[in-house]
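Per chain, numbering begins at 1; letters A, B, ... match sequence-line order. Quantities reported herein were computed from a predicted structural model and do not represent experimental measurements.
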Amino acid sequence: MLTQFQWLHSELSNVCKSLLRAKQLHVWLLKTHLSQDPFYATQIIRLYAINNDISSAHHVFDKTPTRSVYLWNSMIRAFAKTRRFGNAISLFRTMLESDIRPDNYTYACVIRACADNFDFGMLRLVHGSAVSAGLGLDPICCSALVSAYSKLGLVHEACRVFDGIAEPDSVLWNSLISAYVCSGMWDIGIQMFSSMRLSGKKPDGFTLAGLLVGIADSSLLSIGQGLHGLSQKSGLDFDSHVGSLLVSMYSRCKCMDSAYRVFCSIFNPDLVTWSALIAGYSQCGEYHKALIIFWKLNMEGKKPDSVLIASVLASIAQTANVGPGCEIHGYVLRHGLESDVKVSSALIDMYSKCGFLHLATCVFRIMPERNIISYNSVILALGLHGCASKAFVIFDEILEEGLVPDEATFSALLGACCHAGLVKDGREIFQRMKDEFNIKARPEHYVYMVKLLGTAGELEEAYNLTQSLPEPVDKAILGALLSCCDSYGNSELAETIAHQIFKTNPTDNVYRVMLSNIYAGDGRWDDVKKLRDKLTGGLKKMPGVSRIEGSYY
DNA sequence: GACAACCACG
């Protein structure tokens, strides 16, 4: 039989998400007067933080008279993990003024918080403070520093920290490899991997994980396959992290057969691995397979989490078939997932892409918590359905809420203007994006602007806008203008634009076909022939398919 | 208690 203490320890080590359970344990500890014991207080803070009840966690911290380093660290970590970076830093400052000295774990946690908050200035300060506390060469601090600098894109700083260590341990090697790979320098990451092996350190699951995320697309497939072989040789393919990363890696390489094979070889795959497979099918455009895997997951009695639901909803949105979407919505309501901001944003997008704007706005209105992504989803939905003025009302709501619009917000607004033909509003919001919100226009913003002006017949202004950009101008921007020239039958401008595109994209036949169609519209058949003769093989148009599924009104 | 995975808007 379990003793009370064995029971307590097993309950505390259980990381299961349940605020109720955390509260029950807290009450039990209060009754037995154990709650003031720094160890138990630390555990309760951790449980509250996992369940996002930061005020209860802070209350426990306040009420504990003897504060160990452990206790301070757990409270700072609780703030940092719930993205309350300001609180984490100010508690760290209070700790520095107290008679308890921060240890290497405190610094590692604060360093990570600075990186998560993209606060370079604070990271420098904390780094300096760690050095003066004599922890400049501590392996735990250094691995946190290497990861933090690389997250901020400062891979050379990360390298400097690494170079300062005479005998790096595996964790530090893994952090450096990850740093290079995450910064897009996967070849240096591979070199570091060789150096690690030469130095006698055995690669582990983390090493492989760091390398696998660098296999961004099918051009690196053979390296990915090599890493897969290596993981099999060292028996690391049984590691659940490595398994899920192999599935994602093959998905990114569009090798869904291999991804599925890896998935099948994993004994009892976890939710992350299921998610990786579903997202993989979805990203490869195999939405129906994604749904089949989702139903299979349900048949096995597994409980999908919010991340998995969000990726399935994204798949459904692409199939534009609201039926399964409604089923998932039912599941969401039955399992109390509707308050999750990821799930709700995905529901808004799904309903809007399936044609049900009113359901999308209903979901939005009853959301208890909204972030910029949920606002962007609803602006996109309104824009897609031609309700541009309502989209602008939502934009004002963002500002009233004190949220900061991002690139995607303006993309959605410009898209809404395009759909509704609101040239004046489009011009205005494009200007405000740059002047008021300091957001540099990205190619997609220019595409919308060119489309907006071009569709309204302002071809000259649209052309001037494209020519104000530095060379080479993105082909999508010029392509948008080319298609407007087609609508207005302006074959002269079309010719100029098309040749500008051909200069940088000599093999892109799509634009030759577009220009040839414009010539044809003008009756310039000789030019059509000249252009068509230049076309190389492989020009096949996928026939369109439409289908009507059952009605869900 | 430090280093790693799946995810919603474009």
Side-chain angles (χ1 to χ4, degrees), chain A residues 42-43 46 69-74 76-77 81 103-109 111-112 138-148 150-151 168-179 181-182 204-213 239-249 251 269-280 282-283 304-315 317 340-350 352-353 371-381 383-384 405-415 442-445 447-448:
Chain A
T42 307
Q43 297 294 323
R46 187 179 59 90
V69 183
Y70 231 69
L71 190 80
W72 282 94
N73 290 358
S74 64
I76 295 175
R77 185 169 298 111
K81 290 242 166 172
D103 66 1
N104 48 356
Y105 287 107
T106 325
Y107 278 103
C109 176
I111 287 165
R112 195 193 148 111
D138 177 83
I140 288 168
C141 272
C142 286
S143 62
L145 280 168
V146 168
S147 303
S150 82
K151 184 162 187 184
D169 62 2
S170 314
V171 176
L172 202 56
W173 274 111
N174 292 347
S175 303
L176 186 74
I177 291 171
S178 257
V181 171
C182 291
D204 59 10
F206 288 96
T207 324
L208 270 168
L211 288 167
L212 280 170
V213 290
D239 180 305
S240 66
H241 282 148
V242 173
S244 73
L245 282 166
L246 283 169
V247 172
S248 316
M249 182 273 289
S251 302
D270 61 8
L271 275 183
V272 175
T273 314
W274 282 91
S275 291
L277 186 70
I278 292 173
S282 180
Q283 278 147 19
D305 63 356
S306 59
V307 170
L308 204 149
I309 295 282
S311 36
V312 174
L313 284 169
S315 251
D340 187 285
V341 66
K342 289 188 285 295
V343 170
S344 295
S345 306
L347 276 171
I348 295 171
D349 190 50
M350 183 277 293
S352 120
K353 295 212 169 110
N371 64 10
I372 192 64
I373 296 184
S374 17
Y375 276 101
N376 291 350
S377 306
V378 82
I379 292 182
L380 203 70
L384 202 65
D406 63 7
E407 290 169 354
T409 316
F410 292 101
S411 237
L413 283 170
L414 287 170
R442 292 179 50 84
E444 68 259 27
H445 298 122
V447 169
Y448 281 128

[X] has a side chain; which of [options] sits nearest to it?
| X | options | result |
| --- | --- | --- |
| A:N174 | B:dC3, B:dA2, B:dG10 | B:dC3 |
| A:A310 | B:dG1, B:dG10, B:dA8 | B:dA8 |
| A:S147 | B:dC3, B:dA5, B:dC6 | B:dC3 |
| A:S411 | B:dG10, B:dC3, B:dC6 | B:dG10 |
| A:Q283 | B:dG1, B:dC7, B:dA8 | B:dC7 |
| A:V272 | B:dG10, B:dA8, B:dA5 | B:dA5 |
| A:S377 | B:dC6, B:dC3, B:dC9 | B:dC9 |
| A:A279 | B:dC6, B:dC9, B:dA8 | B:dC6 |
| A:V341 | B:dG1, B:dA8, B:dA5 | B:dA8 |

Requested in this report: For A:N73 and A:I76, indicate whether the former's side chain and the latter's backbone hold a donor-acceptor pair under 3.5 Å.
Outcome: no
Query - Any donor-acceptor pair under 3.5 Å from A:S344 side chain to A:V341 backbone - result: no
Report task. Grab the two heavy atoms, one from A:A276 and one from A:S248, that are nearest each other, plus how far apart they are. Result -> CB-OG, 3.6 Å
[X] [atom1] to [N] [atom2], straight-line distance once rounded to whole Å:
| X | N | atom1 | atom2 | answer |
| --- | --- | --- | --- | --- |
| A:I379 | B:dA8 | CD1 | P | 19 Å |
| A:R46 | B:dA2 | CZ | P | 11 Å |
| A:D349 | B:dC9 | CG | C1' | 7 Å |
| A:Q43 | B:dG1 | CD | P | 8 Å |
| A:L212 | B:dC6 | CG | P | 11 Å |
| A:D138 | B:dG1 | CG | C1' | 13 Å |
| A:D270 | B:dC6 | CG | C1' | 9 Å |
| A:F410 | B:dG10 | CZ | C1' | 14 Å |

[X] near the nucleic acid: base, sugar-phosphate alone, or nothing, with a heavy-atom cut-off under 4.0 Å?
| X | result |
| --- | --- |
| A:Y375 | nothing |
| A:N371 | base |
| A:D204 | nothing |
| A:K353 | sugar-phosphate |
| A:R442 | nothing |

Query raised in the report: Does any donor-acceptor pair link the side chain of A:N376 with the base of B:dA8 at a separation under 3.5 Å?
Result: no
Query raised in the report: Does any donor atom in the side chain of A:S282 or A:S315 lie under 3.5 Å from an acceptor atom in the other side chain?
Result: yes
Query raised in the report: With distance as the sole criterion, is a donor-acceptor pair present between the side chains of A:D349 and A:S352 under 3.5 Å?
Result: no
Query raised in the report: Would you call A:F206 stacked on B:dC3, i.e. ring centres under 5.5 Å apart with the planes less than 30° off parallel?
Result: yes
Report summary line: Sorted by chain and residue number, the side-chain contact (heavy atoms from CB on, under 4.5 Å) partners of A:T42 (sequence neighbours excluded) come out as A:Y70, A:L71, A:S74
